[in-house]
Colleague: 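Got a structure for you, written out below as structure tokens; questions coming shortly.
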Amino acid sequence: MTQSFANLLINWYNNHQRDLPWRNTSAPYKIWLSEIILQQTRVNQGLPYYNKFINEYPSVHDLANAPEDEVMRLWQGLGYYSRARNLHECAKSIVNQYDGEFPSTYNELLKLKGVGKYTAAAIASFAFNQAVPVVDGNVFRVLARYFCVTDDIAQPKTFTKFFNIAKELIPEEQAASFNQAIMELGATICTPKKPACENCPLAQDCEARIHHKQSELPVKKKKIKIKHRYLYYLIWQEGGKLAMKKRGESDIWQGLFDFELIESDKALSTEDIIYKIDTLYKDIEIVEISEPVKHILSHQRLEAVFVELKSTTENILNDNSLKYYTKQQIEELPKPRLIENYLTSKNI
DNA sequence: AAAACGTGGAC
DNA sequence: TGTCCAAGTTT
């Protein structure tokens, strides 16, 4: 008799799962932390960050009591920085509004900052064994291939379709194992390219494998468009201190520190830069203009030029958001990658 | 509903 | 070199 989808999957998982620090614990704090870190992030990239956070903040209370800049600094380099801000806010809310205990149901978890449908299902199942299916990139892929589902996974309404398919499959009494297993299969066997079907416990009845459609599934129609941005950073130094400001909302690197800048959608010549600075600021002397530094992001091509300036009068900076920091203080600040690279190479 | 949000690895 | 995309969420 043929074994069920869930049984084959869970049996495979029990024999082939990777040993990861957030597994074999039912502590909601650790599971929540790992899930936030792993959003759109590979295990190898997130692992050191998970260890740093657990080390620095062993409990949700420790995290809640930490200064925000310190949390941002620990997150530095991981990307998607709103996750770090939401993580901190969520920790404070757990302590202040939930008496330090994470809620135990999908619907309650959904109310937390930074916790969406996937993460709520993950915590509900891993920590509390509630039978709610996780639907992430792995689940889309495994189910789309196994059942040959051709709906566009970039469309929000497609989520419901996959959620319902998974809901039919998930065993009430083994929710955690099922969810872990299907994601593990997607991450290690049913990969986007060159899936290892020869090692797949579900290969027998996989529609995509039978019809050689693995490379066509899942269907994802969203196309990426690259944006070019040219950043001209203005570097003010005063008596061993450097002017930096915290980046605002609705853009990359929210909550991180960088320099005052002039932005353009096309490359500016040296003459253009000098002219702009002369009209925008008074009593400024340009000391040096660096070569362009390229910074590749997935949806953006950034090119930065660092313009070192000297003010010829006092108090040239009347922007209150701009503050002077010593070299030591700058090391304590969370900085965008580009700035970090610049500071390291210049050794200011 | 579509777009924005990062970084690093793979091909 | 360009493209995809990974344990998604928010607006």
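Protein chains get the first letters and strands the later ones, always in sequence-line order, with residue 1 at the start of each. Side chains are part of it too, since the values below use all heavy atoms of this structure and drop only hydrogens, waters and symmetry mates.
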Colleague: With nearest nucleotide decided by heavy atoms, which residue, A:Lys193 or A:Ala154, maps closer to the 5′ end of DNA chain B?
Modeller: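 Between the two, 5'-proximity favours A:Ala154.
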
Colleague: Does A:Lys157 come within less than 4.0 Å of A:Asp151, counting only side-chain N to carboxylate O?
Modeller: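 Judged by the 4.0 Å cut-off on N to carboxylate O distance, A:Lys157 and A:Asp151 do not form a salt bridge.
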
Colleague: Salt bridge check: are A:Arg337 and A:Glu340 linked by an N-O gap of less than 4.0 Å?
Modeller: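 A salt bridge is present here (some side-chain N lies under 4.0 Å from a carboxylate O).
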
Colleague: What's the CD-C1' distance between A:Gln45 and B:dG9, to the nearest Å?
Modeller: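 Distance check: A:Gln45 CD to B:dG9 C1' gives 9 Å.
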
Colleague: Sticking with atom C1', work out how far B:dA1 lies from C:dA6, rounded to a whole angstrom.
Modeller: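 Looking at atom C1' only, B:dA1 and C:dA6 are 23 Å apart.
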
Colleague: Given atom CG of A:Asp152 and atom C1' of B:dA2, what is their separation to the nearest angstrom?
Modeller: 12 Å

Colleague: Can you tell me how far P in C:dA7 sits from the matching atom in B:dC11, rounded to whole Å?
Modeller: 15 Å

Colleague: Rounded to whole angstroms, how far apart are CG on A:Asn341 and P on B:dG6?
Modeller: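 Going from A:Asn341 (CG) to B:dG6 (P), I get 16 Å.
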
Colleague: Name the residue closer to the 5' end of DNA chain B, choosing between A:Lys194 and A:Tyr80 according to the nucleotide with the nearest heavy atom.
Modeller: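 Counting from the 5' end, the first nearest nucleotide belongs to A:Tyr80.
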
Colleague: In terms of side-chain heavy atoms of A:Gln300, which of B:dA2, B:dC5, B:dG6 is nearest?
Modeller: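 Side chain of A:Gln300 sits closest to B:dC5.
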
Colleague: Base, sugar-phosphate, or nothing: which does A:Thr119 touch, judged by heavy atoms less than 4.0 Å apart?
Modeller: sugar-phosphate

Colleague: Using side chain to side chain contact (heavy atoms under 4.5 Å, CB included) as the criterion, point out the one residue from A:Val43, A:Ile37, A:Ile54 that pairs with A:Trp22.
Modeller: A:Val43

Colleague: Of all nucleotides in DNA chain C with an atom under 4.0 Å from a non-hydrogen atom of chain A, which is the first and which the last going 5' to 3'?
Modeller: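 The footprint of chain A covers C:dT3 to C:dT10.
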
Colleague: On the nucleotide B:dT7, are OP1 or OP2 found under 4.0 Å from the side-chain N or O atoms that A:Trp253 carries?
Modeller: yes

Colleague: When we call it a touch if two heavy atoms are under 4.0 Å apart, what does A:Ile31 touch: a base, just sugar-phosphate, or nothing?
Modeller: nothing

Colleague: For A:Trp75, answer base if it contacts any base atom (sugar-phosphate contacts may also be present), sugar-phosphate if it contacts only those atoms, and nothing otherwise; contact means non-hydrogen atoms under 4.0 Å.
Modeller: nothing

Colleague: Look at all strands and tell whether A:Ile37 reaches a base, only sugar-phosphate, or nothing, counting heavy atoms closer than 4.0 Å.
Modeller: nothing

Colleague: Which word best sums up how the rings of A:Phe306 and A:Phe259 line up, parallel for under 30°, tilted for 30 to 60°, or perpendicular for over 60°?
Modeller: perpendicular

Colleague: Nearest to the side chain of A:Arg337, heavy atoms from C-beta on, is which of B:dG6, B:dA1, B:dT7?
Modeller: B:dT7

Colleague: Within the 3.5 Å criterion, strictly below it, is a donor on A:Tyr118 or A:Glu35 matched to an acceptor on the partner's side chain?
Modeller: yes

Colleague: I'd like the P distance from B:dG6 over to C:dT1, given in whole Å.
Modeller: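 About 25 Å, rounded to a whole number of Å.
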
Colleague: Parallel, tilted or perpendicular: which one describes the rings of A:Tyr29 and A:Trp32, with boundaries at 30° and 60°?
Modeller: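 Tilted.
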
Colleague: In whole angstroms, how far is the C1' atom of B:dA1 from the CD1 atom of A:Ile153?
Modeller: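 Taking CD1 of A:Ile153 and C1' of B:dA1, I get 16 Å after rounding.
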
Colleague: Any base atoms under 4.0 Å from A:Lys157, or only sugar-phosphate, or nothing? Heavy atoms, all strands.
Modeller: nothing

Colleague: Determine whether the aromatic ring centres of A:Tyr233 and A:Tyr342 lie less than 6.0 Å apart.
Modeller: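 Not under 6.0 Å, so no.
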
Colleague: Return one dot-bracket line describing DNA chain B 5' to 3' (Watson-Crick or G-U wobble pairs, both distances under 3.5 Å; ( ) same strand, [ ] crossing, | another strand, . none).
Modeller: .||||.|||||

Colleague: Is the shortest side-chain N to carboxylate O distance from A:Glu249 to A:Arg85 below 4.0 Å?
Modeller: no

Colleague: Can you tell me how far C1' of B:dA3 sits from NE2 of A:His299, to the nearest Å?
Modeller: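 One finds 9 Å between C1' of B:dA3 and NE2 of A:His299, rounded.
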
Colleague: Salt bridge check: are A:Lys245 and A:Glu260 linked by an N-O gap of less than 4.0 Å?
Modeller: yes

Colleague: From CD of A:Gln40 over to C1' of B:dA3, roughly how many Å is that when rounded to an integer?
Modeller: 14 Å

Colleague: May I ask you to say what A:Val115 touches in the nucleic acid, namely base, sugar-phosphate or nothing, with a heavy-atom cut-off under 4.0 Å?
Modeller: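 Sugar-phosphate, no base atom in range.
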
Colleague: Mind checking if A:Arg85 touches a base, just sugar-phosphate, or nothing, with heavy atoms under 4.0 Å?
Modeller: nothing

Colleague: Could you state the CZ-P distance from A:Arg83 to B:dA4, rounded to the nearest angstrom?
Modeller: 19 Å

Colleague: Mapping A:Arg18 and A:Leu112 onto DNA chain C by nearest heavy atom, which one lands closer to the 5' end?
Modeller: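 So the residue in question is A:Arg18.
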
Colleague: May I ask you to say what A:Asp251 touches in the nucleic acid, namely base, sugar-phosphate or nothing, with a heavy-atom cut-off under 4.0 Å?
Modeller: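 Sugar-phosphate, no base atom in range.
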
Colleague: Can you check the A:Tyr81 OH to B:dC5 P distance for me, whole Å?
Modeller: 13 Å

Colleague: So what does A:Lys222 touch, heavy atoms closer than 4.0 Å: a base, only the sugar-phosphate, or nothing?
Modeller: nothing

Colleague: Is a salt bridge present between A:Lys266 and A:Asp272, judged by a nitrogen-to-oxygen distance below 4.0 Å?
Modeller: no

Colleague: So, does A:Asn86 use its side chain to make a donor-acceptor pair with the main chain of A:Leu112 at under 3.5 Å?
Modeller: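 No.
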
